[in-house]
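For reference, the structure is listed below as structure tokens.
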Amino acid sequence: MRRMRNPAGPWDGLRSMFVLSFGAKSFADFWRYWNPVYHYFLSYWIYRPLRAVVPRPIAVLVSFAFCGFFFHDLPLLPFTHMPLITVWFLFLGAGVIIGQAFHMDLGAQPRSLRVMVNLVYIAGLFELARRTSLHLFAG
């Protein structure tokens, strides 16, 4: 739990998760901080084994898609009838890849700007995923 700065308890850990992730200097850093437990699991069991056999961007996209489908959409699929979160996570993964390709680094920017950029990244890609899912999966 090094990424959570050794929290004093669950509420302190949750607060650290939000503060560190939304103040992150890049989309990749956002996801490193967002949920350290999921990040560890996905990194160790999905990303690293994939990375040994496929290019990094594919390993990133598959890891995000795995998380979106198995941790979020699968339990909700009987109610939603479409994999909205999986599509969203694919777009979020693409954002990580693009951000790294362009060497995104907002570390020198004010915290308020970093928070705003991360919120726009998440909300904007959710809206894009929602529209895409409705187009692809709505009957």
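Computed over heavy atoms, backbone and side chain alike; hydrogens, waters and symmetry mates excluded. Numbers here are sequence positions counted from 1.
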Heavy-atom nearest pair, Leu61 first then Ile97, reads CG-CD1, 3.7 Å
For the residue pair Tyr38 and Cys67, what are the closest heavy atoms and their distance? CD2-SG, 3.9 Å
Same apolar cluster (I L V M F W Y, side chains within < 4.5 Å links), Leu90/Leu128: yes
Any donor-acceptor N/O pair, Arg114 side chain to Val117 backbone, under 3.5 Å: no
Smallest separation among heavy atoms of Ser133 and Pro83, with atom names: OG-O, 4.4 Å
Picking from Tyr121, Phe91, Trp88, what satisfies ring pair (Phe, Tyr, Trp, His ring centres under 6.0 Å) with Phe126? Trp88
Could you tell me the separation between the CG atom of Leu106 and the CE atom of Met116, rounded to the nearest 0.5 Å? 10.0 Å
On a heavy-atom basis, which atom in Asp105 and which in Lys25 lie closest, and how many Å separate them? OD1-CD, 3.3 Å
Out of curiosity, Arg51 CZ to Arg48 CZ, how far, rounded to the nearest 0.5 Å? 12.5 Å
Identify the heavy atoms of Leu50 and Ala59 that sit nearest to each other, and give their distance. CB-CB, 3.9 Å
Heavy-atom nearest pair, Ile122 first then Leu92, reads CA-CD2, 4.3 Å
Point-to-point distance, once rounded to the nearest 0.5 Å, from CD of Gln100 to CG of Asp29: 8.5 Å
Yes or no on side chain to side chain contact (heavy atoms under 4.5 Å, CB included) for Phe89 and Phe69, after CA distance, side-chain angles and deciding distance? CA-CA 9 Å; Phe89 274 41; Phe69 184 75; over 6 Å; no
